[in-house]
Each structure stands twice: as C-alpha cells, then as structure tokens.
Amino acid sequence: MNSAEEMDNPTFRSDTVLSDVHLHCPSKRHLMVRLNAVGQPVFLSYFKLLWSTEDLASGKHVREVTTGREHQCRSGDELCDKDRSNIEKEGELSSEGVEALLDDDGDLEVVRRPRSASDLQAEDLLRDIVCPVILMKGKEDAFEDEEQECTCSDVVKIEHTMATPLEDVGKQVWRAAFLLADYILFKRDTFRCCSVLELGGGTGITSIIMGTVAKRVYCTDVGEDLLTMCEQNVALNKHLMEPEGGEIKVKELDWLKDEFCTDPEAPYSWSEEEIADLLDHCSVIMAADVFYDDDLTDALFRTLYRITHNLRNSCTVYLALEKRLNFTLRHMDVTCEAYSHFRNTLNDLENLQDGKMKYTVEPIKLDFCQSLVYERIEQLLSCLVAFSCCATTAAPWSLPWRHLSRV
C-alpha cells in the first residue's frame with residue numbers, strides 16, 4: 001500500500017491519539033508534505049492570526065480585535081433577541097393555533113425557523129475556526145490561493161503529524177498551545193525582551209509566537225525526529241520574529257534525566273555557554289498541554305524544581321492545559337484523573353517549605369481576546385495557571401525531588 005492509499009484508508013489502533021484541532025480538517029484536503037523518519041505522514045498547516053505581526057508592532061492590536069469580537073457578540077445577541085421575540089410570539093398561540101399544528105393523525109408538526117443568511121455565515125465561520133489548510137509537497141499551485149488570501153505576517157506555518165501513538169503526541173498541535181499563544185500576544189509587553197524556556201515544546205508553535213516578542217526562546221523536547229520537525233517550523237516562521245529580532249534555539253531537555261545533554265556529538269545538545277545564558281537570564285518558563293500522564297507530570301515538576309533552584313533571577317512559569325473528561329471502569333464515572341494529579345502536584349509545590357524556594361500559584365483570568373483561529377472550549381478555559389518562584393539560595397542541578405514525588 002503506497003502513502004496515498006494509507007492516507008485514504010487511515011487505521012486507528014487502540015493507542016492512537018488524534019488532536020481535536022485535526023479532527024475538523026476540511027474533507028477537501030488530505031494531502032501530506034512528506035513522511036518523517038519513522039514513516040508517519042507529515043502535514044503542513046496554516047494557522048491564521050486575527051491580526052498581523054505588523055499590526056502588533058505598530059500597536060494596533062487589542063482595541064481593534066476586541067472591537068471586532070464585541071461586534072460579533074452584539075450581532076449574536078441581536079439574533080438571540082429576535083429568536084426570543086419569535087418564541088414569545090409563538091408561545092402566545094391560542095388553543096386553536098395549537099390544533100392547527102397537528103396533522104390528520106394528531107401528530108405535532110414542528111415548524112422550523114427558516115435559516116437566514118446570517119445563520120449560514122455564522123455556521124461557515126465556526127466551520128473554518130479549527131480547520132488547518134493541508135498542502136502537498138511539490139504542489140505549490142495547490143495553495144497559491146491561500147497565500148494570496150493570507151499575508152506572511154498573519155499566518156503561522158506548522159508541520160505536524162496526525163493520529164499518532166501516545167508517545168508521539170508532541171508531533172501534533174493542541175488547543176492549549178493556542179491558548180498560551182493567545183495570552184502571550186495579549187500580554188506581549190510583559191514578555192518583551194525576555195529570555196524564555198519552553199518545556200515540551202512539541203511542534204514549536206507556542207515558542208514561535210513567543211519568539212515574536214521575546215529576546216531568546218529555548219524550545220525544548222525529546223526525540224530527534226520531533227526536534228527536527230520543531231526546528232523546521234522555526235525556520236518556516238523566521239520572518240515573524242525578524243521585526244523584533246527574536247531568536248529561538250531548539251534543544252533537547254529530558255525531564256527523566258537530572259542533567260542537560262552536553263554531548264557535542266548528540267543533536268540538539270547544550271553548550272556550556274547556552275546553559276549559563278539560560279540560568280543567568282531566564283525569567284519565563286512555559287509549558288502547554290503536557291499534563292496527560294502522571295509519571296511525566298511528576299517528572300515535569302521535578303525539572304521545574306531543579307531549574308528554578310539554579311536560576312539567577314526569580315521567574316514566572318505559565319502552564320496551559322485542557323481538562324479532559326474520561327469514563328473509567330475503576331470509578332464507573334466520568335473523571336479527570338490526569339488533571340486531578342496535576343492539581344495535587346501543583347498544590348504540593350505551592351505548599352513546599354524547604355527554606356530555599358517560595359512558590360505562589362495564581363489562576364489567570366481568561367478574559368483576554370482571541371488572536372489565533374481555533375476553538376476555545378470550556379474545559380480549556382478553566383485550566384491556565386501561572387506561578388512565581390523566588391530563589392533565596394542556590395541549589396545543585398542534581399537536587400533530588402524528595403518533597404513532591406508521588407510515585
């Protein structure tokens with residue numbers, strides 16, 4: 001079976017994971033760019049910004065976007081008011097009117113409201129919200145129209161895979177990454193000229209957005225194939241970072257190891273100068289949608305604990321995740337076990353008293369405007385938190401995670 005046939009007849013195994021972002025791909029395009037090193041189809045998607053980076057640089061961002069969203073909300077409210085008015089009028093039908101809605105057999109005939117042009121337009125808008133444009137390598141003419149519609153300054157290009165095993169979910173694009181990217185764009189002055197570390201960067205989309213504002217971003221993850229894809233995405237979007245002079249370095253950082261990889265023969269390893277630069281200047285750490293496995297959650301918090309102990313300056317860590325509901329036979333109910341474990345571990349970190357670090361956890365209000373085109377859901381909106389940490393004494397990088405380990 002060739003690669004085209006594989007795409008036409010996808011096989012989903014019990015351990016296959018598919019991001020909701022990709023579930024809404026338009027059926028008119030199922031064209032891949034290439035196969036990666038492990039034989040997985042790789043796609044190139046265009047994610048449109050609601051305003052361009054050129055507008056951001058000129059300061060024309062929040063007010064214009066907010067106004068547009070308020071206009072949409074007002075339009076929606078007007079439609080709702082009209083619907084309520086119609087319902088109230090229909091509710092004033094007399095008994096004779098009710099009898100008129102019954103057919104010859106006495107069954108109720110439901111009269112549906114005709115679909116207006118605004119309804120169709122709204123439906124089209126919703127349908128477009130989470131649809132990446134999928135392209136084929138060597139078929140430039142297939143996406144010339146998209147390039148004409150979208151300027152370079154308002155589109156983020158991301159290579160990614162779809163329907164991967166659980167261990168390769170970093171190669172997909174997830175909604176929490178968009179949420180964190182939204183916050184970065186909304187609070188861009190907060191992150192301007194910062195040195196930033198991203199843990200579990202995956203495809204790199206959040207680091208790319210941060211790179212449009214920050215001075216330097218270390219985008220980290222594990223796996224040569226994933227890091228190669230991330231590096232390719234950084235190259236595809238280099239023009240977005242040029243106006244602010246931002247720099248993104250793709251590096252390996254394994255949460256299950258106690259040290260940075262400094263082997264010069266290993267790809268994406270760290271130099272001593274880079275480690276020193278990170279520890280001397282990093283003031284922001286971020287991670288998006290990396291809390292889906294309890295062991296990895298423990299490993300991430302151990303890594304946070306070790307790194308923040310060695311930073312020269314205090315820092316703020318921004319975490320975004322989606323609260324995923326699952327039915328479990330053990331509980332015979334719908335639960336959020338991964339999220340519950342995350343919250344418990346986060347509480348342990350906040351309550352930690354070792355005389356060296358002080359962590360404070362603060363939820364972030366999610367009333368900021370949406371800058372990227374994606375679907376915001378209730379479970380996503382409730383799960384973005386930030387905490388600040390202030391080191392009082394330095395600690396060795398190999399300091400054990402003795403306080404917060406839940407294994």
Where do Asn233 and Ile205 land on the side chain to side chain contact (heavy atoms under 4.5 Å, CB included) test, with the steps shown first?
-> CA-CA 8 Å; Asn233 288 331; Ile205 187 169; over 6 Å; no

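- A donor-acceptor pair under 3.5 Å links the side-chain atoms of Asp293 to the main chain of Leu296, judged by distance alone.
- We find the OH-CE distance between Tyr183 and Met210 to be 10.0 Å, quoted to the nearest 0.5 Å.
- Using bins of under 30°, 30° to 60° and over 60° for the plane-to-plane angle, the ring pair Tyr318/Phe191 lands in the perpendicular bin.
- Checked by atom type and distance alone, the side chain of Trp255 never pairs as donor or acceptor with a backbone atom of Phe301 at under 3.5 Å.
- When every heavy atom of Ser45 is checked against every heavy atom of His160, the shortest pair comes out as OG-NE2, 2.5 Å.
- At a threshold of 4.5 Å between non-hydrogen side-chain atoms, the residues Phe368 and Leu185 do not count as touching.
- Across Val173 and Ile158, no two heavy atoms sit closer than the pair CG2-CG2, 3.9 Å.
- Taking the side chain as every heavy atom from C-beta outward, Pro41 and Leu35 approach each other to under 4.5 Å.
- Side chain of Thr220 to main chain of Glu198: a donor-acceptor pair is present (N/O by atom type, distance under 3.5 Å, no hydrogens or angles).
- Counting non-hydrogen atoms of other residues, nucleotides and ligands closer than 6.0 Å to CD of Glu224 gives a total of 12 or fewer.
- Note on Asp221 versus Lys171: no salt bridge recorded, every NZ/NE/NH1/NH2 to OD/OE distance being 4.0 Å or above.
- The distance from the CZ atom of Arg312 to the SG atom of Cys282 is 13.0 Å, given to the nearest 0.5 Å.
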Run the numbers on Met286 and Ile184 for side chain to side chain contact (heavy atoms under 4.5 Å, CB included), then give the verdict.
-> CA-CA 10 Å; Met286 60 181 183; Ile184 293 167; 3.9 Å; yes

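- In terms of modelled atom types and a separation under 3.5 Å, the side chain of Asn347 and the main chain of Arg343 share a donor-acceptor contact.
- Atoms NZ and CZ, on Lys257 and Arg306 in that order, are 12.5 Å from each other to the nearest 0.5 Å.
- Judged by distance alone, with hydrogens and angles left aside, the side-chain atoms of Thr345 form no donor-acceptor pair with the main-chain N or O of Asp298 at under 3.5 Å.
- By the 4.5 Å heavy-atom criterion applied to side chains, Arg376 and Gln370 are counted as neighbours.
- Between Val234 and Ser207 the shortest side-chain heavy-atom distance does not fall below 4.5 Å.
- Between Thr308 and Ile285 the shortest side-chain heavy-atom distance falls below 4.5 Å.
- Within the 4.5 Å cutoff, the side chain of Glu322 has heavy atoms near those of the Asp289 side chain.
- None of Lys249, Lys251, Glu231 except one satisfies the side chain to side chain donor-acceptor pair (under 3.5 Å) rule with Tyr268; the exception is Glu231.
- Heavy-atom minimum distance, Ser269 versus Pro264: OG-CA, 4.1 Å.
- For Asn313 against Asp280, the heavy-atom pair with the smallest separation is ND2-O, 3.2 Å.
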Evaluation steps, side chain to side chain contact (heavy atoms under 4.5 Å, CB included), between Glu274 and Phe260 | CA-CA 10 Å; Glu274 290 169 336; Phe260 290 103; over 6 Å; no

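- Between Arg175 and Tyr374, the shortest heavy-atom distance links the atoms O-CE1, 4.3 Å.
- Under the 3.5 Å distance criterion, the side-chain polar atoms of Asp154 are left unmatched by any main-chain donor or acceptor of Leu49.
- Atoms NZ and OG, from Lys215 and Ser195 in turn, are 8.0 Å apart once rounded to the nearest 0.5 Å.
- Between Ala338 and Asp294, the shortest heavy-atom contact is CA-OD1, 4.0 Å.
- Note that CG of Leu199 is 9.5 Å distant from SG of Cys219, once rounded to the nearest 0.5 Å.
- Each of Leu311, Val317, Ile307 was checked for a side chain to side chain contact (heavy atoms under 4.5 Å, CB included) with Leu197, and the lone residue meeting it is Ile307.
- Here the side chain of Asn237 pairs no donor or acceptor atom with the backbone of Val156 at under 3.5 angstrom.
- In this structure, His309 contributes its side chain and Tyr305 its backbone to a donor-acceptor pair below 3.5 Å.
- At a threshold of 4.5 Å between non-hydrogen side-chain atoms, the residues Cys369 and Phe186 count as touching.
- A distance of 7.0 Å separates CG in Leu300 from CG in Leu319, rounded to the nearest 0.5 Å.
- Thr316 places none of its side-chain heavy atoms less than 4.5 Å from the side chain of Thr190.
- Between the side chains of Gln40 and Thr161, no donor-acceptor pair of N or O atoms lies under 3.5 Å.
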How far apart are the C-alpha atoms of Lys157 and Leu44, what are their side-chain angles, what is the distance that settles it, and do they pass the side chain to side chain contact (heavy atoms under 4.5 Å, CB included) test?
-> CA-CA 7 Å; Lys157 304 174 186 176; Leu44 177 63; 4.1 Å; yes

